There are 2 protein chains.
Amino acid sequence: MKSTIYDVARAAGVSIAAVSQVINGKGKISEERRAEIVRVMEQLNYKPSVIAAALTGKKTYTLGLLIPDISNPFFAEIARAVEDQVDFHGYSLVICSTDNKDERVERYLSLLQQKSVDGIIIGTGIDNKEMLDTLIAKSVPVAMIARELPGDAVLTVVVDDYAGGRLAARHLLDLGHTRMAVLSEHTKVSSSRERIRGFQDELTEAGLDLPEYMVKTSGRDLVKDGKRLASELLRYAERPTALFCCTDLLAIGALQAAKEMEVQVPTELSIVGFDNTILASVTDPSLTTIAQPMEQMGKLVVDLILDKQQESPPNGTKRMVLKPELVVRQSTGRPLL
Amino acid sequence: MKSTIYDVARAAGVSIAAVSQVINGKGKISEERRAEIVRVMEQLNYKPSVIAAALTGKKTYTLGLLIPDISNPFFAEIARAVEDQVDFHGYSLVICSTDNKDERVERYLSLLQQKSVDGIIIGTGIDNKEMLDTLIAKSVPVAMIARELPGDAVLTVVVDDYAGGRLAARHLLDLGHTRMAVLSEHTKVSSSRERIRGFQDELTEAGLDLPEYMVKTSGRDLVKDGKRLASELLRYAERPTALFCCTDLLAIGALQAAKEMEVQVPTELSIVGFDNTILASVTDPSLTTIAQPMEQMGKLVVDLILDKQQESPPNGTKRMVLKPELVVRQSTGRPLL
DNA sequence: TTGAAAGCGATACCAT
DNA sequence: ATGGTATCGCTTTCAA
């Protein structure tokens, strides 16, 4: 059976208050008593109940993490970074894969609330912004990672998606491409929108156009849809010589399509991904991609939501934007003339 | 502010007992009262506290999942399967990446206990078996997934690792290989041991030997170590023509080593992985590997630990062994003569 | 220093 | 049918 604070108190011949004190290292107790109580606790293998403590107003030491899909390597890596930092502060992490479905988001948000988590980190799109307001009204800390909310007021850690889009475009322009296409996630994903906007702006400044039929939007299964959409693009009479994919997963789909249609990468088609997940380094050819500093991002949101910033980011900072980086591998090259 | 059962009772002009009844759909209340109470609950945006309910003996509706690393695609996919089924039953999942470190395992196990989770699913090696006994003594349900414990008595869902090893060996033997090597995870990982044993037995039966210097053991960073160890093997005067890797991650490292040393795969070196993660399908060449039915495994452990088996697996079943499957891709072929 | 007692939010038994 | 109340395990005044 599980032993309670009462068991310990009884066995040590003291009051539960005394035991509570040594658990929390507060108050004043003589060294002897404390030692004896500690001894008894160990002997009984006593572990204070977080549940009971939480009920008295203390924290649950649990954070929730909402992401589209934990089996997506990008989010798995984000989750790992978050978990490490969360653990560092003595908290646990509840994982919630939403598949970007509003219904799931809603259910999870409600669930986490009922479980009185000490904060919710969101890395998935939120349509129904009301829900967040409800949370905030109940003073549940909320922070966004890798995704933004229209308004603000919510702690946010993102990479500069717009700059990332520009980086990708710049790279392709430098290589001499002029006919480019884009594979996007569902447009309700804020980061994708920004990436495309950046990509587009860079092209425009270079005097290039990005016609609408060169931009394809995917559904939930990134790899499969990426493959399907890329084949469509590759069937155009005037097919693109370069493809910017809003995530590595989409790029992998594109890679598969190219292979299947016997279109050489990068000779006949250059492909740029986004995220720099482990996948980018193992594909063939390996993937040129825009890297996000996932580890740093994870660490940052946690410190932010827990209000434990070590550094001196101007206190009260609500929004941190990190720099993306171009990682050139083998999937991009000069277009054939 | 958060509203409590008292707020609802007051606003509805009833007792908290009545409110409790409608929450749990138990007891007897007139339809009018129930309707009124429901109305008030919604109006106040009231969500019953799982914490408080748990304290009165109800469940926390939370399960823990211990795995080596959530950013490892294999475990990420397992986690997703587990999460889906857990969610299906109305539970949440706490993720714990242990890096296979005893110290972390211990901490997490203790933490989950304090949080009164309703069960712990373990997919990581457990050295200190005492700890599990302690858990079981406190009647915390425990189940193993993709990993085994020496004794038994613990619910377990695994793939037949031994058969998987044999499958790999059979495939390579059929192709005509005679000089083979193995890349293993740390030997304290039970599944790796079994895979090697199966591989070895199949070779032995074919009259082949697997000398000790042909078996290399990796540390924590599977990809990097896989690469390093594979290079070592490839530097042998009589280097192996085929390599069996206990996980896809190791195989990827091997692939990288081969590429770097300009050893052609599969012409000069055949590589077989294990797990059939998404990675196996995107490498170049794509990876021949032994597939584990991850989704099914995840679903099974959850139903087992929650005691909600739909099917009729002879009640009281403690150990379920699923069949691995050989997936042939491009990383294996006949050896050069 | 130490302990008694009042909550925290919900459940469940027992009267009414 | 409905409500009063003890109880869960722990924290936190407040007296002693």
Side-chain angles (χ1 to χ4, degrees), chain A residues 1-38 40-41 44-62 110-111 113-118 138-140, chain B residues 1-38 40-41 44-62 110-111 113-118 138-140:
Chain A
M1 270 314 299
K2 277 196 150 193
S3 37
T4 74
I5 198 172
Y6 289 96
D7 302 324
V8 176
R10 194 176 325 113
V14 299
S15 73
I16 59 167
V19 179
S20 177
Q21 306 223 54
V22 355
I23 292 174
N24 299 290
K26 294 183 178 175
K28 293 118 194 342
I29 330 178
S30 61
E31 199 38 62
E32 346 164 27
R33 270 171 120 51
R34 138 171 259 96
E36 168 64 3
I37 291 175
V38 168
V40 174
M41 294 200 307
L44 264 51
N45 198 294
Y46 167 75
K47 301 257 175 24
S49 157
V50 173
I51 298 290
L55 194 53
T56 74
K58 292 193 51 165
K59 303 190 251 184
T60 52
Y61 291 97
T62 300
S110 170
L111 215 73
Q113 215 180 119
Q114 296 193 35
K115 298 203 173 165
S116 314
V117 296
D118 299 326
K138 298 196 179 181
S139 55
V140 178
Chain B
M1 270 317 300
K2 277 196 151 195
S3 37
T4 75
I5 197 172
Y6 290 96
D7 301 326
V8 176
R10 195 176 325 115
V14 300
S15 73
I16 60 167
V19 179
S20 178
Q21 308 222 61
V22 355
I23 292 174
N24 299 290
K26 294 183 178 176
K28 294 118 194 343
I29 330 178
S30 61
E31 199 37 62
E32 346 164 27
R33 271 171 119 52
R34 135 171 262 95
E36 168 64 1
I37 291 176
V38 168
V40 174
M41 293 201 305
L44 263 51
N45 199 292
Y46 165 75
K47 302 254 172 25
S49 157
V50 173
I51 297 290
L55 193 55
T56 75
K58 292 193 52 165
K59 303 190 253 184
T60 51
Y61 291 96
T62 301
S110 170
L111 215 73
Q113 216 180 116
Q114 296 194 35
K115 299 202 173 164
S116 313
V117 295
D118 300 325
K138 297 195 179 180
S139 56
V140 178

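It should be emphasised that the depicted structure is a prediction, and the values quoted were computed from it without experimental measurement. Scope of the values below: all heavy atoms of this structure, side chains included, with no hydrogens, waters or symmetry mates. Within every chain, numbering begins at 1; the chains are lettered A, B, ... in the order of the sequence lines, protein sequences first and strands thereafter.
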Just how far, in rounded Å, is C1' of D:dG3 from CD1 of B:Ile29? 12 Å
A:Lys58 versus A:Asn24: any side-chain heavy-atom pair under 4.5 Å? yes
Chain B vs DNA chain C, heavy-atom contacts under 4.0 Å, first-to-last nucleotide span, 5' to 3', is C:dG9 to C:dA12
Answer with base, sugar-phosphate or nothing: what part of the nucleic acid does A:Ile51 contact at a heavy-atom distance below 4.0 Å? nothing
Side-chain heavy-atom pair B:Ile23, B:Met41 within 4.5 angstrom cut-off: yes
Could you give me the CA-CA distance, side-chain angles and deciding distance for B:Lys115 and A:Thr62, then say whether side chain to side chain donor-acceptor pair (under 3.5 Å) is met? CA-CA 9 Å; B:Lys115 299 202 173 164; A:Thr62 300; 3.2 Å; yes
What's the CD-C1' distance between A:Gln21 and D:dC10, to the nearest Å? 13 Å
Whole Å only: how far is the CZ atom of B:Arg33 from the C1' atom of D:dT2? 6 Å
N or O in side chain of B:Tyr6 less than 4.0 angstrom from D:dG3 OP1/OP2: no
Please say whether more than 12 non-hydrogen atoms of neighbouring residues, nucleotides or ligands are located less than 6.0 Å from CD in B:Glu31. yes
Set out, in order, the CA-CA distance, both residues' side-chain angles and the distance that settles side-chain contact (heavy atoms from CB on, under 4.5 Å) for B:Ser49 and B:Lys2, then state yes or no. CA-CA 10 Å; B:Ser49 157; B:Lys2 277 196 151 195; over 6 Å; no
For residues A:Tyr46 and A:Val8, report the shortest heavy-atom separation together with the two atoms involved. CG-CG2, 3.6 Å
Rounding to an integer number of Å, can you tell me how far A:Leu44 CG sits from D:dG9 P? 14 Å
Is any side-chain nitrogen or oxygen of A:Lys26 closer than 4.0 Å to OP1 or OP2 of D:dT11? no
Would you indicate what B:Val14 reaches in the nucleic acid, counting non-hydrogen atoms under 4.0 angstrom: base, sugar-phosphate, or nothing? sugar-phosphate
Straight-line distance of A:Ser3 OG to B:Lys138 NZ, nearest 0.5 Å: 5.0 Å
Can you check the A:Leu55 CG to D:dT12 P distance for me, whole Å? 13 Å
Rounded to the Å, how far apart are A:Lys58 NZ and D:dT13 C1'? 15 Å
Rounded to the nearest Å, what distance is computed from the CD1 atom of residue A:Ile5 to the P atom of nucleotide D:dC8? 14 Å
Is the shortest side-chain N/O distance from B:Arg34 to OP1 or OP2 of D:dT2 below 4.0 Å? no
For the side chain of A:Asn24, starting at C-beta, report the closest nucleotide among D:dT12, D:dT11, D:dC10. D:dT11
Is there a side-chain contact between A:Val19 and A:Tyr6 (heavy atoms, below 4.5 Å)? no
May I ask you to evaluate whether A:Thr56 reaches the phosphate of D:dC10, defined as a side-chain N or O under 4.0 Å from OP1 or OP2? no
Closest-nucleotide ordering on DNA chain C, the 5'-leading residue of A:Gly13 and B:Val19: A:Gly13
Separation of atom NZ in A:Lys28 from atom C1' in D:dT13, rounded to whole Å: 15 Å
Using a heavy-atom cut-off of under 4.0 Å over every strand shown, decide if A:Ala53 touches base, sugar-phosphate, or nothing. sugar-phosphate
Output yes when at least one side-chain N/O atom of A:Thr4 is less than 4.0 Å from OP1 or OP2 of D:dC8, else no. no
